Amino acid sequence: MTTDIALNIVLLSFMAIVGLAIARLRNLFPVAMLTGLYSLLSASLFTLLDAVDVALTEAAVGAGVTTVLFLATFGLTRAREKPVPRSRTLIGLAVTALTGAVLVYASLDMPHFGAADTPVQEHPLRDRYLNQMSEEIDVPNAVTAVLGSYRGYDTLGEVVVVFTAGIGVLMLLGVAWHRPRKPGKREQ
Amino acid sequence: MMFLVAIIAIVVTMLMILVRALLGPTVYDRILAINLFGTKTVLFVAVLGFLNGRPEFLDLGLIYALINFIGTVTVLKFMQYGDLGWEAASKEKPDV
């Protein structure tokens with residue numbers, strides 16, 4: 001498991017480097033691509049932590065859809081960040097530090113990684129899910145069985161929310177009327 | 001042991017690609033670097049599956065490869081047309 005820990009450290013430091021680079025860049029076009037790289041890194045990290053379904057979502061949403069959405073937005077606006085006055089940067093730094101501190105404080109309440117005495121390990125429903133799943137649902141994957149059947153109404157609600165949001169965005173945007181720009185304009 | 005060496009090699013390559021993606025003088029360097037990084041992620045996930053003795057997650061690597069391809073094509077299309085080509089589609093010449 002030393003390998004896993006070493007890989008965790010390496011991936012997390014890569015993510016930190018990419019995050020700092022994103023914060024430093026002023027041209028937003030490389031930023032959009034670097035966020036794609038960032039989410040590929042976090043998808044690798046999720047795979048390392050055995051959260052394969054999360055990794056799949058992260059790669060599809062983060063690296064795929066978000067990059068496309070960012071680029072589509074740059075087609076409508078400018079791909080360059082406006083300079084921000086120093087005072088507002090300091091306020092932003094303070095808010096970020098405060099939020100980070102609150103999150104770190106909240107994480108102290110969480111059980112340790114791989115701890116045996118968490119609700120996930122001890123709750124009676126866990127045995128039910130893991131042992132009777134094959135008879136009740138007949139799906140090989142426990143996560144799929146919980147999401148698709150035991151918590152089916154919850155998932156249905158989520159799907160409805162996402163669908164409504166998609167329809168709302170489409171109604172707001174309408175049909176794209178804008179003109180295409182001249183080719184070859186995009187250079188660093 | 002073999003997979004361990006492989007994953008160390010992949011991580012080292014990732015580091016080198018990361019340097020290129022961050023320094024990259026032109027935007028094409030970055031595009032190439034990020035495309036390569038996606039490929040390295042595919043390899044990373046694949047080797048990690050074998051390293052942990054659970055190679056069932058190889059299809060995750062396949063999905064990553066597909067997403068990586070879509071991302072690169074989008075970026076290049078945006079570079080070419082300055083747009084994702086809604087209206088330009090009717091005017092432009094076919095690719096082949």
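No experiment lies behind these values; they were computed from the predicted model shown. Proteins get letters first, then strands, A, B, ... in listed order; numbering begins at 1 in each.
With a 4.5 angstrom heavy-atom cutoff, I7(B) touches chain A only via side-chain atoms. Heavy-atom distances place no part of I17(B) under 4.5 Å from chain A, backbone and side chain included. Interface remark: V10(A) contributes side-chain atoms only to the contact with chain B (heavy atom separation under 4.5 Å). Only the side chain of L11(A) comes within less than 4.5 Å of a heavy atom in chain B; its backbone stays farther off. Looking at L51(B), the atoms closer than 4.5 Å to chain A (heavy atoms on both sides) all sit in the side chain, from C-beta outward.
Here the CG-CG distance, from L4(B) to L7(A), works out to 8.0 Å after rounding to the nearest 0.5 Å. Rounding to the nearest 0.5 Å gives a distance of 8.0 Å between OH of Y64(B) and CD of E58(A). Atom CG of L25(A) is separated from atom CZ of R30(B) by 5.5 Å, given to the nearest 0.5 angstrom. In this structure, CZ in F37(B) is found 4.0 Å from CG in L41(A), a value given to the nearest 0.5 Å. For the atom pair NZ (K77(B)) and CG (L71(A)), the distance works out to 12.0 Å, reported to the nearest 0.5 Å. Taken from CD1 in I67(B) to CG in L56(A), the straight-line distance is 6.5 Å, to the nearest 0.5 Å.
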Note to self: Could you walk me through whether L18(B) and L37(A) satisfy the side-chain contact (heavy atoms from CB on, under 4.5 Å) test, starting with their C-alpha distance in whole Å, then the side-chain angles of each, then the deciding distance to 0.1 Å, before giving a yes or no?
What the structure shows: CA-CA 9 Å; L18(B) 200 62; L37(A) 201 154; 3.5 Å; yes

Margin query: Before you tell me yes or no, could you show the steps for K40(B) and L40(A) under side-chain contact (heavy atoms from CB on, under 4.5 Å), namely the whole-Å CA-CA distance, both residues' side-chain angles and the distance that decides it to 0.1 Å?
Written below: CA-CA 10 Å; K40(B) 289 298 162 285; L40(A) 278 175; over 6 Å; no

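Of all the listed residues (A32(A), A55(A), G36(A)), the one sharing the greatest number of non-hydrogen pairs under 4.5 Å with chain B is A55(A). Between chain A and the options I8(B), L15(B), L22(B), heavy-atom pairs under 4.5 Å are most frequent for L15(B). Heavy-atom pairs under 4.5 Å with chain B peak, among L34(A), T67(A), V65(A), at L34(A).
Counting non-hydrogen atoms of neighbouring residues, nucleotides and ligands closer than 6.0 angstrom, the CG atom of N131(A) exceeds 12 such neighbours. Residue F14(A) places its CZ atom among more than 12 non-hydrogen atoms of other residues, nucleotides or ligands, all under 6.0 Å distant.
Cluster membership check: L12(A) shares its hydrophobic cluster with M14(B), using side-chain heavy-atom separations under 4.5 Å among Ile, Leu, Val, Met, Phe, Trp and Tyr.
Evaluated for a side chain to side chain contact (heavy atoms under 4.5 Å, CB included) with T47(A), the options N52(B), V45(B), T41(B) yield exactly one hit, V45(B).
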